[in-house]
Student: 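A single structure is presented below for examination.
For ligands, and for the atoms within them, numbers begin at 1 and follow the listed sequence. This is a predicted model, so every value here is computed, not measured. Index from 1, following the sequence.
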Amino acid sequence: MRHIFFAERELSKVPELDPASPLTIAKAGVVGAGTMGSGIAITFAQSGVPVVVVDTNEEAVDKARQTVMGMFMYQVQKGRLTQEEAWQRGQSITFTDDWSELAGADLVVEAVFEDLDVKREVFAKLDGIVKPEGLLASNTSTLDIDAMAAATKRPEKVLGLHFFVPANIMPLLEIVRGRATSAQTLATAFAVGKTLKKKAVLAGNAFGFIGNRMVFDYVREAFALAEEGTAPARVDAVVKAFGFPMGPFAMSDLSGLDIGLHVQKLQGKSGQGRTNVLERLVEQKRLGQKAMAGFFKYDKAVGKGREPIADPVVEQLFAQEARKAGIAPRVVTDREIRERLLYALINRGAYLLEEGIALRPGDIDIVFVYGYGFPPHHGGPMWYADEVGVALVYERIREFEAAFGPQWKPSALLARIAESGATFAASSCFDPSTSSGQAELSMTPGGVVSNA
Ligand code: NAD
């Protein structure tokens, strides 16, 4: 917990950021009035920043207006807001299908469908409408910020602002730096994070950034365990016993199996799963909690429809598909379940540090504690690696590599720390006041590692 406290204070210490003065964000814009757009609009409104929300779909605009106003009224009922405050917040959000209302915005956050072509079109359109000094951000979960920046004539003012769902509640914000994103744009993003009361973490522009990239590996292992014959409910129970509020299968059900499948396809060959279980479930319309069936089933009478209930049908499906793929069943211990899930996070975290996608181990820990429910008393995945002993983690990862294949290839940074008997915490003493000793973990634009 002390580590998390200090890691939080380090977050905005980024090389070459200090001299840059942030721009003032007096007015914001949001494009896309869906789940994320509505949440982001509420976040700005509750921090006193007026915001314009634009969508091409009139129905989506109406629905967002109702959702947002309904949320403010609910807060009045709960005594969290006065009528007057709710009215003021309501007044500070403008819902419209008229894009010209975005012209005077200092910052516009795009939250349209996760499709690069659609996003590039939106960025090109915004570039022609928003005042030249305005910043353009994308809330994409995975896509390339540079490709969006290239659709504009102001790439230095383009960045990723990755909010987590529900955006008005989740405290984490990943600030994604593109190749051309300027120091001033980043300084402004950190200031926005502060205004919105978020824990803002800098990430390089790579598929899935920090949090999602690591979670993909964690979910890959959860899948692999189920393919080898471990019930999803058991996998989740082990993770919950460690202290997470939910396991990887309940988490996948919550975010939607259709989204999971989409991400798997975007990842191509390296996507999780050696079987077609996910495709089969999506074909059967088992899309997760929203469909009352996914990896688990849900019943309105049990925990208001949010409590995962083990479903033998899914276990059979895993067994069937595993047989087809030639995966032999294995009996695993709870310890192996825990190690495979957590060490997958640690190994990927080490790669992200090595590649300069994450600046410090503590940044990764903040992402997991505030964005994914990693138990704070274990300090986050990288702190946990230190707690276990990096050498032991490394040794186990090598065993997994030998047993399961190249997806477990240990990161060179992990190997180096393990062999020197050091810790992640001690190997990353990044001090912004000195230029020495930070090259190994320093982040250059676009997340390319500098070994200078
Ligand atoms: P959503 O489907 O709920 O909403 C998307 C909205 O964008 C819709 O209202 C749609 O009408 C609108 N839209 C589509 N094309 C448009 C265009 N050209 N111009 C204007 N509006 C357009 O989607 P969502 O879940 O809110 O996700 C939006 C973005 O946020 C995606 O990039 C997604 O990856 C990202 N994201 C989602 C989550 C999540 O868990 N839902 C979390 C973090 C980031």
Student: Between ligand 1 and the protein, which N/O pairs fall short of 3.5 Å?
Tutor:
unit_1: ligand 1; atom_1: 3 (O); unit_2: T35; atom_2: N; d: 3.0
unit_1: ligand 1; atom_1: 3 (O); unit_2: T35; atom_2: OG1; d: 3.2
unit_1: ligand 1; atom_1: 9 (O); unit_2: D55; atom_2: OD2; d: 2.7
unit_1: ligand 1; atom_1: 11 (O); unit_2: D55; atom_2: OD1; d: 2.8
unit_1: ligand 1; atom_1: 11 (O); unit_2: D55; atom_2: OD2; d: 3.3
unit_1: ligand 1; atom_1: 26 (O); unit_2: T35; atom_2: N; d: 3.3
unit_1: ligand 1; atom_1: 26 (O); unit_2: M36; atom_2: N; d: 2.7
unit_1: ligand 1; atom_1: 30 (O); unit_2: N139; atom_2: ND2; d: 3.0
unit_1: ligand 1; atom_1: 32 (O); unit_2: V112; atom_2: O; d: 3.3
unit_1: ligand 1; atom_1: 32 (O); unit_2: E114; atom_2: OE1; d: 2.6
unit_1: ligand 1; atom_1: 32 (O); unit_2: K119; atom_2: NZ; d: 2.7
unit_1: ligand 1; atom_1: 34 (O); unit_2: E114; atom_2: OE1; d: 2.9
unit_1: ligand 1; atom_1: 34 (O); unit_2: S141; atom_2: OG; d: 2.8
unit_1: ligand 1; atom_1: 36 (N); unit_2: S141; atom_2: OG; d: 3.3

Student: If we ignore angles and hydrogens, is there a donor and acceptor under 3.5 Å between the side chains of S182 and T185?
Tutor: yes
Student: Determine, for E307 against K300, whether the closest basic-nitrogen to carboxylate-oxygen distance falls under 4.0 angstrom.
Tutor: no
Student: Between E114 and T140, does any side-chain donor sit less than 3.5 Å from a side-chain acceptor?
Tutor: yes
Student: Are any of the side-chain nitrogens in R360 or D365 under 4.0 Å away from the carboxylate oxygens of its partner?
Tutor: no
Student: When you compare the side chains of N205 and D146, does any donor N or O come within less than 3.5 Å of an acceptor on the partner?
Tutor: yes
Student: Is D253 salt-bridged to R286, going by a charged N under 4.0 Å from an acidic O?
Tutor: no
